[in-house]
Asks: 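Would you mind keeping the following structure in view while I ask a few things?
Heavy atoms only: backbone and side chains are in, while hydrogens, waters and symmetry mates are out.
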Amino acid sequence: MPKNEEVNAIIKALINSDRLEIAPFLGKKKKISFCEDLQKLRIDHVEKNKLPKKAEGESELIEFLIGFPDIPKEKFFFSKSDSLYIEFQNKNFSTFKISQNDFNEVDIKSVQEFRNDINKKAEYFNFYHATIPIISLDGKKAYVKYTLNCSGLCGAGYRVYLEKKKGNWVVVKYSEEWVS
């Protein structure tokens, strides 16, 4: 299982990466808000001759991470040898909380605290929410989804790919998955 320190380091890299939209807001008078409850990223499979079912919460088809039989393996982030470890993480790592003590640059709150704040005030709100990272067997690659939740039409979802370089997690690729 990935260690807590490793998950925290990945989320810190996500928050501090200047390639993502979070970093420009760091250091402002009002801290950006980040959800302490990392969401489980459910791993699904393509079944032969069937369309995948849309599920509740965040999910990903393992084939998009490790590859399809007819497509060169270089096109995919993880290798097929990571598949069992990804499955293991998916089955055994269902909850994770980040702590305010580990993240001074953002305001960490629970989902319930965000809901309470939203219900108290009818004004603008926004916060970021990430999934529990999926980490490769060798511990050198990670994949995370995160969303910007906000009032109005400004929400978005992102896929983020990170690699460990010289002992530090670095965002190497990201893509916008959806936007409202």
Side-chain angles (χ1 to χ4, degrees), residues 2 6-28 30-44 46 52-68 75-78 82 86 89-90 93-100 102-111 113-115 118 124-136 139-165 168-180:
E6 204 65 36
V7 173
N8 281 337
I10 291 166
I11 298 302
K12 279 186 182 199
L14 171 82
I15 290 170
N16 291 308
S17 172
D18 58 0
R19 294 184 68 188
L20 303 177
E21 69 171 57
I22 300 173
F25 299 104
L26 298 177
K28 301 288 184 194
K30 183 178 186 265
K31 287 184 175 183
I32 62 167
S33 297
F34 207 91
C35 188
E36 73 178 357
D37 309 290
L38 299 186
Q39 188 177 5
K40 179 178 180 167
L41 177 61
R42 206 181 66 260
I43 302 297
D44 293 325
V46 173
K53 298 174 189 167
K54 180 60 183 151
E56 289 291 316
E58 292 290 346
S59 65
E60 189 66 74
L61 292 172
I62 196 165
E63 290 81 3
F64 285 119
L65 297 174
I66 65 164
F68 290 92
K75 300 279 184 192
F76 298 95
F77 190 66
F78 291 106
D82 292 320
I86 290 170
Q89 291 172 76
N90 188 52
F93 212 8
S94 60
T95 61
F96 190 89
K97 285 186 184 283
I98 57 177
S99 169
Q100 183 68 62
D102 297 322
F103 293 87
N104 297 326
E105 58 273 84
V106 295
D107 186 22
I108 304 293
K109 292 182 180 181
S110 70
V111 170
E113 287 175 300
F114 284 121
R115 286 187 183 134
I118 293 165
Y124 177 81
F125 71 89
N126 71 340
F127 66 93
Y128 295 89
H129 196 182
T131 62
I132 300 170
I134 297 293
I135 301 172
S136 63
K140 294 181 181 175
K141 293 182 176 183
Y143 174 76
V144 179
K145 285 186 172 187
Y146 83 94
T147 59
L148 166 61
N149 301 279
C150 59
S151 55
L153 293 173
C154 60
Y158 300 88
R159 295 174 176 191
V160 183
Y161 302 84
L162 302 98
E163 289 183 3
K164 200 168 199 178
K165 297 182 178 185
N168 295 312
W169 287 102
V170 177
V171 172
V172 293
K173 180 181 170 188
Y174 72 96
S175 61
E176 192 170 72
E177 185 175 28
W178 61 268
V179 65
S180 66

Asks: Please name all residues satisfying side chain to side chain contact (heavy atoms under 4.5 Å, CB included) with E63, sequence neighbours left out, ordered by chain then number.
Replies: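 H45, V46, L61, F68.
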Asks: If you measure from CZ on F34 to NZ on K109, what distance do you get to the nearest 0.5 Å?
Replies: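 The distance works out to 14.5 Å.
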Asks: Is any side-chain heavy atom of P133 less than 4.5 Å from a side-chain heavy atom of I11?
Replies: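 Yes. Closest side-chain heavy atoms under 4.5 Å.
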Asks: Using side chain to side chain contact (heavy atoms under 4.5 Å, CB included) as the criterion, list what pairs up with E177, not counting sequence neighbours.
Replies: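 Residues passing side chain to side chain contact (heavy atoms under 4.5 Å, CB included) with E177: E58, K145, R159.
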Asks: Contact between N90 and I62 at the side-chain level, heavy atoms closer than 4.5 Å - yes or no?
Replies: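 In short, these two side chains do not touch, never coming nearer than 4.5 Å.
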Asks: Please name all residues satisfying side chain to side chain contact (heavy atoms under 4.5 Å, CB included) with I132, sequence neighbours left out, ordered by chain then number.
Replies: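 Side chain to side chain contact (heavy atoms under 4.5 Å, CB included) list for I132, sorted by chain: L38, F93, F96.
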Asks: Search all heavy atoms of A142 against all heavy atoms of I10 and return the closest pair with its distance.
Replies: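 Taking every non-hydrogen atom into account, CB-CD1, 3.7 Å.
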Asks: Search all heavy atoms of V170 against all heavy atoms of K165 and return the closest pair with its distance.
Replies: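 Result for this residue pair: CG2-CB, 4.4 Å.
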Asks: I need the I134 CD1 to K141 NZ distance, nearest 0.5 Å.
Replies: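 Going from CD1 on I134 over to NZ on K141, the span is 14.5 Å.
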Asks: Could you check whether any side-chain N or O of E60 sits under 3.5 Å from a backbone N or O of L41, counting only pairs where one atom can act as donor and the other as acceptor?
Replies: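 No.
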Asks: Can you find a pair of side-chain heavy atoms, one from L14 and one from Y128, that are under 4.5 Å apart?
Replies: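 Not touching, per the 4.5 Å side-chain cut-off.
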Asks: Could you label the plane-to-plane angle of the Y158 and Y146 rings as parallel, tilted or perpendicular, counting under 30° as parallel and over 60° as perpendicular?
Replies: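 Parallel.
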Asks: Among residues at least two apart in sequence or on other chains, which ones pass salt bridge (Lys or Arg N to Asp or Glu O under 4.0 Å) with K164?
Replies: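 So K164 forms a salt bridge (Lys or Arg N to Asp or Glu O under 4.0 Å) with E6.
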Asks: Got a sec, which residues hit side chain to side chain donor-acceptor pair (under 3.5 Å) with N149, two or more places apart in sequence or on another chain?
Replies: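 Counting only residues at least two positions away or on another chain, N149 forms a side chain to side chain donor-acceptor pair (under 3.5 Å) with T147.
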Asks: Testing the basics here: between V106 and I15, what is the closest heavy-atom pair and its distance to 0.1 Å?
Replies: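 For V106 versus I15, the nearest heavy atoms are CG1-CG2, 3.8 Å.
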Asks: Please name the pair of heavy atoms, one in I43 and one in I86, separated by the smallest distance, quoted to 0.1 Å.
Replies: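 Result for this residue pair: CG1-CG2, 4.0 Å.
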Asks: Please list, chain by chain and in numerical order, all residues satisfying side chain to side chain donor-acceptor pair (under 3.5 Å) with S136, sequence neighbours excluded.
Replies: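 Residues passing side chain to side chain donor-acceptor pair (under 3.5 Å) with S136: D138.
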Asks: Report the residues that fulfil side chain to side chain contact (heavy atoms under 4.5 Å, CB included) with S33, sequence neighbours left out, ordered by chain and then residue number.
Replies: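 In terms of side chain to side chain contact (heavy atoms under 4.5 Å, CB included), with neighbours along the sequence ignored, S33 is linked to D107, F114, F127.
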Asks: Quick one: pull up CG in L148 and CD in E176 and give me the separation to the nearest 0.5 Å.
Replies: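 L148 CG to E176 CD: 10.0 Å, rounded to 0.5 Å.
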Asks: Which heavy atom in I135 sits nearest to a heavy atom in F78, and how many Å separate them?
Replies: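 Scanning both residues, the minimum pair turns out to be C-CE2, 4.2 Å.
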Asks: Evaluate the side chain to side chain contact (heavy atoms under 4.5 Å, CB included) criterion for residues F76 and I66: first the C-alpha distance (whole Å), next the side-chain angles of each, then the deciding distance (0.1 Å), finally the verdict.
Replies: CA-CA 6 Å; F76 298 95; I66 65 164; 5.9 Å; no
Asks: Going by ring-ring contact (aromatic ring centres under 6.0 Å, His included), name the residues that satisfy it together with Y161, two or more places apart in sequence or in a different chain.
Replies: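 Y161 satisfies ring-ring contact (aromatic ring centres under 6.0 Å, His included) with F77, Y143 only.
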Asks: Can you list everything that forms a salt bridge (Lys or Arg N to Asp or Glu O under 4.0 Å) with K97? Sequence neighbours excluded, please.
Replies: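 Expected list: E36, D37.
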Asks: Indicate the atoms forming the closest heavy-atom contact of S110 with C35, along with that distance.
Replies: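 In this case the closest contact between S110 and C35 is C-SG, 4.3 Å.
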Asks: Find out whether V144 and W169 are in side-chain contact, i.e. whether some heavy atom of one side chain is under 4.5 Å from a heavy atom of the other.
Replies: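 Not in contact.
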Asks: Under the side chain to side chain donor-acceptor pair (under 3.5 Å) test, which residues partner S94, sequence neighbours left out?
Replies: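 In terms of side chain to side chain donor-acceptor pair (under 3.5 Å), with neighbours along the sequence ignored, S94 is linked to no residue.
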Asks: State which residues pass side chain to side chain donor-acceptor pair (under 3.5 Å) with N168; sequence neighbours excluded, sorted by chain then number.
Replies: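 With sequence neighbours excluded, N168 shows a side chain to side chain donor-acceptor pair (under 3.5 Å) to no residue whatsoever.
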